[in-house]
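Working notes for the structure below.
Throughout, residue positions are numbered sequentially from 1 according to the sequence presented.
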Amino acid sequence: MKNRTTRSKPLRSQDWFANSERSDMTAVYLERFMNYGLTPRELRSGRPIIGIAQTGGDLTPCNRIHLELTRRVREGIRDAGGIAMEFPVHPIFENCRRPTAALDRNLAYLGLVEILYGYPLDGVVLTTGCDKTTPSGIMAAATVDLPAIVLSGGPMLDGHFEGETVGSGAVIWKSRKRLAAGEIDEEQFLDAAVASASSLGHCNTMGTASTMNAVAEALGLSLPGCAAIPAVYRERAQYAYETGRRIVDMVHEDLRPSAVLTREAFLDAIAVTSAIGGSTNAQPHIAAMARHAGVEIATQDWRDTGYAIPLLVNMQPAGEFLGERFFRAGGVPAVMWELARAGKLHIDRLTVNGQSLAANLEGCEARDRAVIRPYDQPLKLNAGLLPLSGNLFDFALMKVSVISPQFRRRYLERPGQEGVFEGRAIVFDGGEDYHRRINDPALQIDEQCILVMRGAGPVGWPGSAEVVNMQPPDALLKRGIASLPTIGDGRQSGTSDSPSIVHASPESAAGGGLSWLRTGDRIRIDLNTGRCDALVSQAEIAARQSTAAPKPAPSHTPWEALYRAHVGSLETGACLEMATQFQHIGRVPPRHNH
C-alpha cells in the first residue's frame, strides 16, 4: 500500500492538545485523559488519534465479535504510530428492536456525527455487521469527512439442521410456512430457526447484513476482501490488524471519504448489489449514504445501472449456499472481477488502500464456480432491483432475483401477457391487522389475490418495518401455494425469498396511493413497463382522497416523534431531511468549550 500524499498541515487533534495559542484549553483537554494512564507526551506528540466506533455489545449479538476484534485494531493502530480511542455507538439489533430497528439507523448516525465532529479524532475505524450499523457509520463518516475505514465483523458459520444447510432468516421464513401448513409443530419450528445461529457473526445468508458489508467494500471503504470473511475465521482478526494500520496511513495521506464516495462508486455499489442478489434494503441505505456524501443517485440509476446485471452469486435467499462457501469462492472481489471484465464497473476510481479498483481486482477470479458464476453464465438474467411507479405510488422496488419458477409460472407466463398480472387487493392496516385477519374466510383470499400492507412506512410505523413479505393464509399454504404477490409501503427482510413490491413512496401516512386503496380493488402490475396501477377511475380516486386516511400508530417516545417530524421517504433514503444539508463539517474544528 503506497501513500498518495504526505500531510502538510497539523493533525486535527493537535488543535486540542498542542494549540500554543490556547494553553489554558490544552490543559483542560489533556487533564482527564491522564486518569487511565495516557501521558501528555503521547497526546501532544503529533501522532494520529484514531477513533474506533464500537458497535459490539450484548444488545448487538450480530456485532459482538468486535469486542474481540478491536483489540487487534488497536494493535494495528499502535504499530503504525497512532493512538487508539475506542467509544460505544448506539446499538442497532435488527431482530429485537421494537417497533423497528430502522428508527435507530438515523439515531446512531446523529450520535456518531457528534462524536466524530466534537472530539479530538483524526480518523475512525467503523465497525460494522448487522444491517444498519454499516450505513449509519458511513453516513456519519461522509457528513464529517474525517479519514474513515470500514471493518466488517463477518457472517456466522454455515448453519446445519437435519442434514441440510440452514441460513439465518431464510430458514425462519421457510419454516413459518411449514408451521402454518401443519407440516411441523412449534418446537420443530424453533429448533430449525435457532440452528442457523451457529457462531459469532451476522446473518450467513445474503440478507441485508451481508449485502451492506459487500456494498461498503464495493464503495471502496474497506480493505479488499474484507466483507465476506466469516467472523470466527483467523483472517478476520488479521484484517482487523491491517485495518488499524491502514487508517493511520490514511490520516497521514489525508485520504477522506469524499475522495472515495464518488458517484461512480455508488453506481458500482448498485451493480454489485444486483450481482450478489442483494437485499432490497440496500436501496434506501445506498440513497442515504449518497445524499450525506453529496452525491446524487436517482431512481433511474437503479434501472439503468442495476436491473440488467445478472445474478452471479448462488447464495440464499436467491440461491443455494451460505457465507462460508461464498468467502472461500472469492467473496466480493471475485464478483467485482466478473463485473469489471464485463465493463460494468468504474475501475479507475480510488479506494481506501490507496490503490485503484483495477489494481485491487488483479488475480481475483472466482475459485468456486458453483457459487460465483461467470458473467456470461449467470443464475438469472436481469436480476437487479426493479423500480416501479403508477397511480398507487411514485416509486417502489421489486427484487426479481427471488422470483421462483412456481411464482413465475403462476403470475408471469400467461400467453400474450408475459410479465403482466392482475389481482384482487386484500388491504391490511399494519402488521397487527394482517395477523388478525389473514385467515379470515370472509376475505376469500385465493391465488389471484394481491396482499397489500400499508401504514408500514417511515412515518406510518414509525421507522418502516419489515412486514411486507406476508405469507398466504394457512388454507393456501396447505394447498402448496407458498407465496402471493405482495405490495407495501414498508420493507421486507433482506433474508426473505418473497418477490414483494416494497418501499412504496409516498407512503400511505403521507397521502400516497395506498391510503385510498380498498380491499376488492383490482391491481395491474406490468414488469415490462415498470407500472403498478389500481384499476380505479380518477373520479373514484378523487372521491376517496377526500375521506380520512387510516391514522398512523401514535408516537411512544420523544425520538419517534422527532423522527416522524423530519424523516423523508424510502425512495430518497429515509434520511432526516434537515441533516442532509450538513457536509464535510469536520474539516474545521469546532469552537472551544470554555
Between the side chain of Glu114 and the main-chain N/O of Gly111, is any donor-acceptor distance below 3.5 Å?
no

Using modelled atom types and a 3.5 Å cut-off, is there a donor and acceptor pairing between side-chain atoms of Asp489 and backbone atoms of Gly455?
yes

Roughly how far apart are Thr128 OG1 and Leu126 CG, rounded to 0.5 Å?
7.5 Å

What's the spacing between Leu112 CG and Thr133 OG1 if we round to 0.5 Å?
11.0 Å

Is there a donor-acceptor pair closer than 3.5 Å between any side-chain N or O of Gln583 and the backbone N or O of Arg291?
yes

Is the CD atom of Glu21 crowded by more than 12 outside heavy atoms at less than 6.0 Å?
no

Please indicate whether Glu560 has more than 12 foreign heavy atoms, meaning atoms of other residues, nucleotides or ligands, lying under 6.0 Å from its CD.
yes

Backbone N or O of Ser464 within a donor-acceptor pair of the Thr100 side chain at under 3.5 Å?
yes

Non-hydrogen atoms of Val73 and Val125 that approach each other most closely:
CG1-CG2, 4.0 Å

Aromatic contact between Phe87 and Tyr119, with the criterion being ring centroids under 6.0 Å apart: yes or no?
no

So Arg245 and Ile77, do their side chains get closer than 4.5 Å, heavy atoms only?
no

Listed by chain and number, what are the salt bridge (charged side-chain N to carboxylate O under 4.0 Å, His left out) partners of Arg72, not counting sequence neighbours?
Glu75

With a 4.5 Å limit on heavy-atom distance, are the side chains of Met34 and Leu43 in contact?
yes

Measure from the side-chain N and O atoms of Ser210 to the backbone N and O of Cys203, and report whether any donor-acceptor pair falls under 3.5 Å.
yes

Minimum heavy-atom distance between Pro387 and Trp302, given as atom pair plus value:
CG-CB, 3.8 Å

Evaluation steps, side chain to side chain contact (heavy atoms under 4.5 Å, CB included), between His202 and Ile65:
CA-CA 9 Å; His202 61 65; Ile65 188 66; over 6 Å; no

Evaluate the criterion side chain to side chain donor-acceptor pair (under 3.5 Å) for residue pair Arg256 and His584; output intermediate values, then yes/no.
CA-CA 10 Å; Arg256 300 170 183 260; His584 307 159; over 6 Å; no

Can you list the residues that meet the salt bridge (charged side-chain N to carboxylate O under 4.0 Å, His left out) rule with Glu86, with sequence neighbours excluded?
Arg74

May I have all residue pairs that pass salt bridge (charged side-chain N to carboxylate O under 4.0 Å, His left out) and include part of residues 268-281, sequence neighbours excluded?
Asp268-Arg349

Look only at the side chain of Thr55 and the backbone of Val89, and say whether a donor-acceptor pair between them is shorter than 3.5 Å.
no

State, yes or no, whether a side-chain contact exists between Thr134 and His285 at a heavy-atom distance under 4.5 Å.
no

Flag for Ser258-Arg587: side-chain donor and acceptor within less than 3.5 Å
yes

Does a donor on one side chain sit under 3.5 Å from an acceptor on the other, for Asn204 and Ser168?
yes

Return the orientation label for the His592 and Tyr29 ring planes: parallel under 30°, perpendicular over 60°, tilted otherwise.
parallel

Checking the side chain of Ser274 only, and the main-chain atoms of Gly306 only, is there a donor and an acceptor separated by less than 3.5 Å?
yes

Going through the checks in order, is the side chain to side chain contact (heavy atoms under 4.5 Å, CB included) test met by Asp394 and Thr299?
CA-CA 10 Å; Asp394 296 333; Thr299 297; over 6 Å; no

In sequence, state the C-alpha distance, the side-chain angles, and the governing distance for His66 and Leu151, and then conclude on side chain to side chain contact (heavy atoms under 4.5 Å, CB included).
CA-CA 9 Å; His66 285 301; Leu151 175 65; 4.1 Å; yes

Contact list for residues 30-57, test salt bridge (charged side-chain N to carboxylate O under 4.0 Å, His left out), sequence neighbours left out:
Glu42-Arg78

Using 0.5 Å steps for rounding, measure from the CZ atom of Arg12 to the CG atom of Asp254.
12.0 Å

Dump the intermediate steps for side chain to side chain contact (heavy atoms under 4.5 Å, CB included) on Tyr241 and Asp79, then the final yes or no.
CA-CA 9 Å; Tyr241 175 78; Asp79 286 356; 2.8 Å; yes

Can you tell me how far apart CE (Met206) and CG (Leu322) are? Round to the nearest 0.5 Å.
10.5 Å

Looking only at heavy atoms, which two atoms of Ile92 and Asp104 are closest? And how far apart?
CD1-O, 3.6 Å

CZ of Phe266 to OG1 of Thr262: how many Å apart, nearest 0.5 Å?
8.0 Å

In Å and rounded to the nearest 0.5 Å, what is the CD1 to CG distance from Ile247 to Leu255?
8.0 Å

Can you give me the closest heavy-atom contact between Gly207 and Ser279, atom names plus distance?
C-CB, 4.0 Å

Check this for me: Leu38, atom CG, are more than 12 non-hydrogen atoms of other residues, nucleotides or ligands nearer than 6.0 Å?
yes

Side chains of Arg263 and His346: is there a donor and an acceptor less than 3.5 Å apart?
no

Residue pairs fulfilling salt bridge (charged side-chain N to carboxylate O under 4.0 Å, His left out) with at least one residue in residues 455-464, sequence neighbours excluded:
none

So, Gln355 side chain and Asn360 main chain: donor-acceptor pair closer than 3.5 Å or not?
no

Check for a donor-acceptor pair, side chain of Thr495 on one end and backbone N or O of Ser493 on the other, with a separation under 3.5 Å.
no

Name all pairs fulfilling the salt bridge (charged side-chain N to carboxylate O under 4.0 Å, His left out) condition that reach into residues 125-134, sequence neighbours left out, sorted by first residue then second.
Glu94-Lys132

Taking all atoms of both residues into account, what is the closest heavy-atom pair of Ile138 and Ala216, and its distance?
CD1-CB, 4.0 Å

Side chain of Asp249, backbone of Arg246: donor and acceptor closer than 3.5 Å?
no

Looking only at heavy atoms, what is the nearest atom pair of Leu219 and Val260, with distance?
O-CG1, 3.3 Å

